Engineer: 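Have a look at the structure that comes next, please.
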Amino acid sequence: MDWGALHTILGGVNKHSTSIGKIWLTVLFIFRIMILVVAAERVWGDEQDDFICNTLQPGCKNVCYDHFFPISHIRLWALQLIFVSTPALLVAMHVAYRRHEKKRQFRKGDQKCAYKDIEEIRKQRFRIEGSLWWTYTSSIFFRLVFEAVFMYAFYFMYDGFRMPRLMKCNAWPCPNTVDCFVSRPTEKTVFTIFMIAVSSICILLNVAELCYLLTKFFLRRSRKAANPKHHPNHENKEETKQNEMNELISDSCHNTVIGFSS
Amino acid sequence: MNWAGLYTVLSGVNRHSTSIGRIWLSVIFIFRIMVLVVAAESVWGDEKSAFTCNTQQPGCNSVCYDHFFPISHIRLWALQLILVTTPALLVAMHVAYQQHQEKKLLVLTGHADAKHMEEVKKHKMRISGSLWWTYVCSVVFRLLFEAVFMYIFYMLYPGYQMVRLVKCEAYPCPNTVDCFISRPTEKTIFTVFMLVTSSICIVLNMAELVYLVVQACARRGRHNSNPPSGKGSFYGHKLSSEYKQNEINQLLTEQDGSLKDMLRRNPDLQEKGDRCSAC
């Protein structure tokens with residue numbers, strides 16, 4: 001179970017995302033996970049071996065390293081990426097639940113849902129409305145929260161985003177104050193800034209997606225509110241009921257069938 | 001066979017689990033196995049090479065490391081995850097057995113065409129009858145393994161905390177020697193993280209157990225309330241062919257007993273041979 005498996009799991013969610021959501025997922029996989037795996041892990045690979053302190057006192061290096069790096073950047077980024085990508089699974093679970101309900105209806109021979117076979121239900125793409133809208137919006141909200149929390153944790157732990165070259169350590173058993181030198185500080189700073197920048201882009205994309213969903217929601221609501229006003233006295237009760245039913249049917253069943261392969 | 005292989009095997013079980021079971025499986029794979037593979041293994045990677053003792057005595061380093069770390073956290077977690085995920089295979093085996101029985105029934109009743117066979121393979125089994133017992137046992141075993149490993153962790157590494165310094169007196173170390181552990185804070189963070197996810201999994205398993213028990217009681221309550229609604233006396237109803245047919249259908253659903261015996265006892269079943277739509 002590694003990043004490849006996460007990619008497989010989240011690739012399925014892609015089908016039911018908005019366009020901004022798809023861009024976000026691409027940015028996540030290419031500019032964050034891939035960079036982490038192919039580049040950043042090598043830069044931080046020798047972080048402890050090449051952390052050198054100006055002392056022969058055994059144990060001083062270990063203690064100083066532990067004091068200045070309570071948790072390595074790489075691990076923090078790995079945790080951040082895992083936490084940020086998992087809210088999308090809420091959406092996947094909701095979609096799977098809806099599919100299951102549709103399959104049950106289909107098996108019972110319900111006249112409302114006009115599907116040819118179960119394969120069509122499996123391949124269908126659901127519109128983001130109703131309860132799925134709430135699930136999707138919550139997942140974006142959680143993503144934003146996790147991104148912000150991890151960026152703050154980074155800033156708090158490492159006093160900014162710069163990697164210093166030299167650290168002065170006086171933790172026991174180091175004698176008095178000892179100079180300790182970090183390996184590849186400039187390269188680490190470059191990658192830290194890069195990851196922070198991409199994280200900010202992801203935050204912006206999430207905010208944009210949230211705004212887009214809210215706008216769509218309000219537009220749809222105002223369209224629904226505007227429709228009855230056009231024919232206030234021309235319809236009788238039966239026609240109104242039939243229109244409502246037609247709308248419900250078209251909302252829940254008359255969805256675009258997109259033949260994406262998962 | 002690695003974690004990916006385990007993932008493939010258990011994804012099949014996912015289909016026949018309850019919703020809580022699926023959430024449990026996702027938590028296991030994403031927050032435990034994946035974190036173990038991509039993060040924790042690199043934290044513990046240099047645990048022995050960077051374990052430094054304040055002595056030049058040869059052998060002291062190895063002996064002290066072995067004394068304080070009889071089994072590494074990483075290996076304990078790997079064992080825990082394997083043992084906790086494998087009871088789900090009991091369910092997979094039982095489902096495979098039931099599917100085999102259903103296929104046999106289809107062959108005997110003359111419905112053995114490709115479409116029906118495919119549906120047997122693809123449809124989701126209801127968790128009732130003997131499958132319910134198997135499922136409940138698997139959840140109980142999961143809980144047991146989780147609890148046992150959490151206890152072992154607590155016994156081996158009291159307080160779940162990784163200390164910076166350990167004092168070692170084992171031969172051949174001269175007197176008492178200070179030994180320093182590499183990355184103790186990062187290790188403590190990950191130990192606590194894995195402990196929290198383990199507790200979440202325990203809670204999910206308990207919730208699933210409660211859900212299954214409640215479901216079984218509700219089903220039993222519904223079953224008890226049905227017979228009185230039939231026509232005629234209770235005994236008259238019991239002897240009626242409808243009641244017999246219901247019993248046969250239930251037996252078919254639960255797949256208890258040998259199929260051949262069933263067919264021998266009720267020869268008219270071969271005509272009404274459509275599989276009960278208990279799915």
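Order of the sequence lines fixes the chain letters, A, B, ..., with proteins taken first and strands second; residue numbering starts at 1 for each chain. Values in this document were obtained by computation on a predicted structure and should not be read as measured data.
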Engineer: Of the listed residues (A/Pro70, A/Pro173, A/Ala78, A/Ala96), which shares the most heavy-atom pairs with chain B below a 4.5 Å separation?
Structural biologist: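 Highest number of pairs under 4.5 Å: A/Pro70.
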Engineer: I'd like to verify something: which residue of A/Ile74, A/Leu36, A/Leu89, A/Leu6 has the highest number of heavy-atom pairs under 4.5 Å with chain B?
Structural biologist: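 So the answer, after comparing A/Ile74, A/Leu36, A/Leu89, A/Leu6, is A/Leu6.
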Engineer: Taking side chain as everything from C-beta outward and backbone as N, CA, C, O, which of these in B/Tyr7 sits under 4.5 Å from a heavy atom of chain A? Side chain, backbone, both or neither.
Structural biologist: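 Side chain of B/Tyr7 only, per the 4.5 Å heavy-atom cut-off to chain A.
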Engineer: Please say whether more than 12 non-hydrogen atoms of neighbouring residues, nucleotides or ligands are located less than 6.0 Å from CZ in A/Phe142.
Structural biologist: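 No, not enclosed.
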Engineer: Which heavy atom of B/Asp46 sits nearest to which heavy atom of A/Gln48, and what is that distance?
Structural biologist: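 Scanning both residues, the minimum pair turns out to be OD2-OE1, 2.8 Å.
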Engineer: Measure B/Ile181 against the heavy atoms of chain A and call it side chain, backbone, both or neither at under 4.5 Å.
Structural biologist: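 For B/Ile181, the backbone is the part near chain A, not the side chain.
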Engineer: Under 4.5 Å heavy-atom distance to chain A, tell me which part of B/Ile30 shows up: side chain, backbone, both or neither.
Structural biologist: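 Both parts, heavy atoms under 4.5 Å.
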Engineer: With a 4.5 angstrom heavy-atom cut-off, is it the side chain or the backbone of B/Asn54 that approaches chain A, or both, or neither?
Structural biologist: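 For B/Asn54, heavy atoms of backbone and side chain both lie under 4.5 Å from chain A.
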Engineer: In this structure, are over 12 heavy atoms from other groups packed under 6.0 Å from B/Tyr160 atom OH?
Structural biologist: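 Correct, the count exceeds 12.
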Engineer: If we only count heavy atoms from C-beta on, is the B/Thr52 to A/Lys61 side-chain gap below 4.5 Å?
Structural biologist: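 No, side chains not in contact.
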Engineer: With a 4.5 angstrom heavy-atom cut-off, is it the side chain or the backbone of B/Ser42 that approaches chain A, or both, or neither?
Structural biologist: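 Both backbone and side chain.
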Engineer: Please state whether the side chain, the backbone, both or neither of A/Trp77 comes within less than 4.5 Å of a heavy atom of chain B.
Structural biologist: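 It is neither, since no heavy atom gets under 4.5 Å.
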Engineer: Is the number of heavy atoms from other residues, nucleotides or ligands under 6.0 Å of A/Trp134 CH2 greater than 12?
Structural biologist: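 Open.
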Engineer: With a 6.0 Å cut-off (strictly less than), is the heavy-atom count around CZ of A/Arg165, excluding the residue itself, greater than 12?
Structural biologist: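 No - once you tally the heavy atoms of other residues, nucleotides and ligands closer than 6.0 Å, there are 12 at most.
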Engineer: Start with the C-alpha gap between B/Thr185 and A/Phe69, add the side-chain angles, then the distance that decides, and say whether side chain to side chain contact (heavy atoms under 4.5 Å, CB included) holds.
Structural biologist: CA-CA 8 Å; B/Thr185 311; A/Phe69 301 105; over 6 Å; no
Engineer: Where does B/Arg164 contact chain A at under 4.5 Å (heavy atoms): side chain, backbone, both or neither?
Structural biologist: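 When you check distances to chain A, only side chain atoms of B/Arg164 fall under 4.5 Å.
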Engineer: Look at the rings of B/Phe193 and A/Phe83 and say which category their plane angle falls in: under 30° parallel, 30 to 60° tilted, over 60° perpendicular.
Structural biologist: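 Rings of B/Phe193 and A/Phe83: perpendicular, as their planes differ by over 60°.
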Engineer: Answer yes or no: does atom CZ of A/Phe29 have more than 12 heavy-atom neighbours from other residues, nucleotides or ligands under 6.0 Å?
Structural biologist: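 More than 12 heavy atoms, drawn from other residues, nucleotides or ligands, come within 6.0 Å of this atom.
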Engineer: Taking A/Ser72's backbone N and O only, do any of them form a donor-acceptor pair with B/Glu186's side chain (distance below 3.5 Å, no angle check)?
Structural biologist: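 Yes; at least one donor-acceptor contact below 3.5 Å.
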Engineer: When you look at CZ of A/Phe141, are more than 12 heavy atoms from neighbouring residues, nucleotides or ligands closer to it than 6.0 Å?
Structural biologist: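 Result for CZ/A/Phe141: open.
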Engineer: Counting only heavy atoms from other residues, nucleotides and ligands, does the tally under 6.0 Å from CG of A/Leu166 exceed 12?
Structural biologist: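 Atom CG in A/Leu166 is packed in, count exceeds 12.
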Engineer: Starting at CE of B/Met34, measure out to OG1 of A/Thr86 and round the result to the nearest 0.5 Å.
Structural biologist: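 Separation between the atoms: 9.5 Å.
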Engineer: Non-hydrogen atoms of chain B under 4.5 Å away: do they reach the side chain of A/Ile82, the backbone, both or neither?
Structural biologist: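 The side chain, not the backbone.
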Engineer: More than 12 heavy atoms of other residues, nucleotides or ligands under 6.0 Å from CE of A/Met34: yes or no?
Structural biologist: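 For A/Met34, atom CE is not crowded (no more than 12 foreign heavy atoms under 6.0 Å).
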Engineer: Which heavy atom in B/Cys53 sits nearest to a heavy atom in A/Pro58, and how many Å separate them?
Structural biologist: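 Nearest pair, atom of B/Cys53 first, then A/Pro58: O-CB, 4.0 Å.
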Engineer: Taking all non-hydrogen atoms of both residues into account, name the closest pair between A/Asn62 and B/Phe180 and its distance.
Structural biologist: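 Scanning both residues completely, I find the closest heavy atoms to be ND2-O, 3.2 Å.
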